[in-house]
Amino acid sequence: MPKKFLSGDEAFAEGVRLAKPDVISAYPITPQTIVVERLSEMVEDGSLDAEFIHVESEHSALSCAIGASAAGVRAFTATSSQGLLYMAECLTYASGGRFPIVMMNANRSTALPWNIYGDQRDSLSLLDSGWIQAYAENAQESLDLALMSFYIAENEKVSTPFMVNLDGFTVTHTYEEADVPEASAAENFLPPYRTENKLDLESPKNMAFSAGPEHNYIFKYKEHRAMLEAVSVIEEAERKFAEIFGRSYTGLIEEYLTEDADFVIVTLGSIAGLCRETADKLRAAGKKVGVVRIRYMRPFPASQLAAALKNAKAAAVLEKDISFGNEGAVFSEVNSALFRYGTFIPTYNFIGGLGGRNISASDIESIFEAMEKGLSEKINFIGIGGERQ
Amino acid sequence: MTPYIREKKSFGFEDIPENTAFEAGYLVTVNSGWRNIRPVVNAEKCVGCMQCYLYCPDGVISVKNGKAEIDYNFCKGCGICSKICKPNAIEMEDER
């Protein structure tokens, strides 16, 4: 497989090229723009045979993708931050209609104050939109998720749209070495999209209809059930991916040195790399520390997290998010999972990186230290302090 | 141009489709409660031009024996058919 020097955005665009979508409708927005630029170049130079639809907004971008998917073809879109919020109305149309669209989202802060840098408040505020949500750590995983996302979303039992999140700038704009698979290998991995969920002259259908109180609930239940089906399809996709491309992934979460760890940081996205590096350093000094990286926020790895943290003395959730008036959304989700599966350990929330503010290695080291000492505050803001300070 | 065929079925859990796609024109619940006025066709004036059929936003008008026929199970009483009718064959009457 040829190695290339690519940014996360470029790597993702390469992954999309290999997935061969029939329709791409997207509106450029920093820090996602490069994905749209590269894909439009690929369509222009003929290396990607897709209909590239220029739209006037993100609301139209996703609406267009929904229309394409309803015609039975593979559709892709990409956005970020305000763009994601602007298309929020359409997110539930895609998920409720069970259109397996793939969308790349560059995680970026939400206004106001206006800011183009990375945090995860945009996508985490839309956890309930019915989309599968994955968080990539680096360029290679971005490319690989671009391919796997279609495989998972389009599985007949799943049939659910898929949002792949890349940390704004730290992943989208950072250049790294990445393997770009051969087109023939990608074809072996990803079969063409076939569905009955389409407008068809031979068998006319009503699509996107209303359903009253009696039936609506059943549709929603089935939507939920389909998302849970994704758990085993993610495993299947990763197995097949490893066979064909030789790269393995670990499902909904990725554990690092957790087996005998007393203190574990749970996080998501690109900051996990620095957490692992810090864990290595502390391990060398005899500290039993570990890291769990959440790869999928939906379907949520509840049992997996509870199992991973079962023998820990404490866990800290490090996230670039705050649900105003409560705590970090990921912290709530992790606590709920631990409670549901009977893993009763002290947990702490560390919120940082909002609006792209740096989280340093020493910040992460302090989180491990604080867990060991015990903390009076559950909710902590890196660089500011505990909630009531 | 045949009108929609609507056969009232009972839908259990397994009958509900996985996605929002189903046999075209299939409505399972009567939806006429919004109506406070109803269109009434005067068969003597109706020339069967089918303008009302084309304009009806709910697709509840068909033509039988050359005359407009309205499906009151689904008509919302908007009155567009009455407005569009050139021979003034459709009158809006109060629902009682």
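Worth knowing before you read on, the calculation uses all heavy atoms, side chains too, and leaves out hydrogens, waters and symmetry mates. Fair warning: this is a prediction, and the values are worked out from it, not measured in the lab. In what follows, chains are A, B, ... by sequence order, proteins preceding strands, each numbered from 1.
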Identify the heavy atoms of B:Pro17 and A:Phe209 that sit nearest to each other, and give their distance.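 Reported closest heavy-atom pair: CG-CZ, 4.5 Å.
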
Among residues 190-204 of chain A, which ones touch chain B with a heavy-atom distance under 4.5 Å? A:Asn197, A:Pro204

Inter-chain contacts: residues 91-107 of chain A against chain B, heavy atoms under 4.5 Å: A:Gly96, A:Gly97, A:Arg98

Is the [atom1] atom of [X] crowded by more than 12 outside heavy atoms at less than 6.0 Å?
| X | atom1 | answer |
| --- | --- | --- |
| A:Lys20 | NZ | no |
| A:Lys220 | NZ | yes |
| A:Gln82 | CD | yes |
| A:Tyr151 | OH | yes |

Distance check, rounded to the nearest 0.5 Å: B:Asn19 atom CG versus A:Glu156 atom CD? 9.5 Å

Under the salt bridge (charged side-chain N to carboxylate O under 4.0 Å, His left out) criterion, do B:Glu18 and A:Lys157 qualify, and how do the steps go? CA-CA 9 Å; B:Glu18 275 290 328; A:Lys157 284 184 183 163; over 6 Å; no

Can you tell me if A:Lys222 uses its side chain to pair, donor with acceptor, with the backbone of B:Phe13 under 3.5 Å? yes

